[in-house]
> 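Would you mind keeping the following structure in view while I ask a few things?
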Amino acid sequence: MNSDHDQLYDESRDQRPFANGTEGYGWFAANCETCIHDRPARHGDEGNGCPLIVLALVGRTPAQWLDGPRDENGRYSIASQYTCTEYRHEDDGPADPRPIPTPPGQGELFARDGFEGHRMLTAVPESDAARA
Ligand code: SF4
């Protein structure tokens, strides 16, 4: 996961992700408690915990949190209110190598420098959303 806190902040939405502490801590318990990105904090190294949780605690909704399923009335369960695109179970094993190597014999149309880790889904700035 990108650990540039300023970039994560800029990508996030200026919107509180949870209505109250019950929702927030319920979602953290259902998702972050087993995620590799917050494992340092669970072992006492709070300075190296998940930066997305920090964003949520200061009232921002990370761009990596996509809305989970809603029923016809817009209701959702606390555990699946969001789906975090960065979630990875702490027992999943080593991460893929970064940058992901080009397979042997495969040509490349464009240089990859500067595009590694670029997300296909990006937050729409509010100014652009208002024009749509
Ligand atoms: S990456 Fe997502 S699921 Fe994992 S600890 Fe951070 S916010 Fe929670």
Side-chain angles (χ1 to χ4, degrees):
M1 173 169 50
N2 179 354
S3 59
D4 181 334
H5 289 226
D6 289 339
Q7 184 178 346
L8 292 172
Y9 185 91
D10 291 343
E11 292 173 348
S12 67
R13 299 191 297 279
D14 186 12
Q15 176 184 334
R16 292 188 177 281
F18 303 110
N20 53 51
T22 300
E23 275 194 6
Y25 286 104
W27 189 84
F28 294 145
N31 295 274
C32 308
E33 288 285 313
T34 57
C35 180
I36 197 166
H37 296 297
D38 203 44
R39 184 163 60 184
R42 289 196 299 277
H43 293 277
D45 184 6
E46 307 230 338
N48 285 308
C50 178
L52 303 182
I53 294 177
V54 175
L55 279 177
L57 293 176
V58 298
R60 310 272 307 183
T61 303
Q64 293 77 6
W65 292 6
L66 309 181
D67 283 345
R70 268 54 174 166
D71 71 10
E72 63 276 5
N73 297 311
R75 291 179 296 212
Y76 50 84
S77 75
I78 288 177
S80 63
Q81 180 175 357
Y82 298 105
T83 299
C84 179
T85 60
E86 295 292 335
Y87 175 83
R88 188 161 68 84
H89 195 282
E90 61 185 345
D91 295 334
D92 276 358
D96 292 334
R98 297 284 178 167
I100 297 171
T102 302
Q106 177 176 315
E108 291 182 273
L109 291 175
F110 305 102
R112 293 163 48 156
D113 290 349
F115 295 102
E116 285 291 338
H118 193 74
R119 300 175 61 238
M120 296 297 287
L121 175 66
T122 57
V124 177
E126 287 182 23
S127 57
D128 290 350
R131 280 186 253 143

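What you see below is based on every heavy atom in this structure, not just the backbone, and it leaves out hydrogens, waters and symmetry mates. In listed order, ligands and their atoms are each counted from 1. In what follows, residues are counted from 1 in the order of the sequence shown.
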> Tell me whether Leu57 shares a hydrophobic cluster with Tyr9, the cluster being built from Ile, Leu, Val, Met, Phe, Trp, Tyr side chains joined at under 4.5 Å.
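Yes, one cluster joins them.
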> Can you name the atoms of ligand 1, numbered from 1 with element, that are less than 4.0 Å from a heavy atom of Trp65?
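Within the 4.0 Å cut-off of Trp65, ligand 1 contributes 7 (S).
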> Around atom 8 (Fe) of ligand 1, what protein N, O or S atoms are found below 2.8 Å?
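Correct list: Cys32 SG.
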> Before you tell me yes or no, could you show the steps for Arg70 and Gln81 under side-chain contact (heavy atoms from CB on, under 4.5 Å), namely the whole-Å CA-CA distance, both residues' side-chain angles and the distance that decides it to 0.1 Å?
CA-CA 8 Å; Arg70 268 54 174 166; Gln81 180 175 357; 4.0 Å; yes
> For a side-chain contact (heavy atoms from CB on, under 4.5 Å) check, start with the C-alpha distance between His89 and Ile36, then their side-chain angles and the critical distance, and finish with the verdict.
CA-CA 6 Å; His89 195 282; Ile36 197 166; over 6 Å; no
> Hey, can you tell me if Trp65 and Phe18 have their rings parallel, tilted or perpendicular (30° and 60° cut-offs)?
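Geometry flag for Phe18 against Trp65: tilted rings.
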> Between Tyr76 and Trp27, does the ring centre distance come in under 6.0 Å?
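Distance test on ring centres: not under 6.0 Å, no.
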> Should Tyr82 and Phe28 be regarded as members of a common hydrophobic cluster, given that ILVMFWY residues are connected when their side-chain heavy atoms come within less than 4.5 Å of each other, either directly or indirectly?
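Yes, same cluster.
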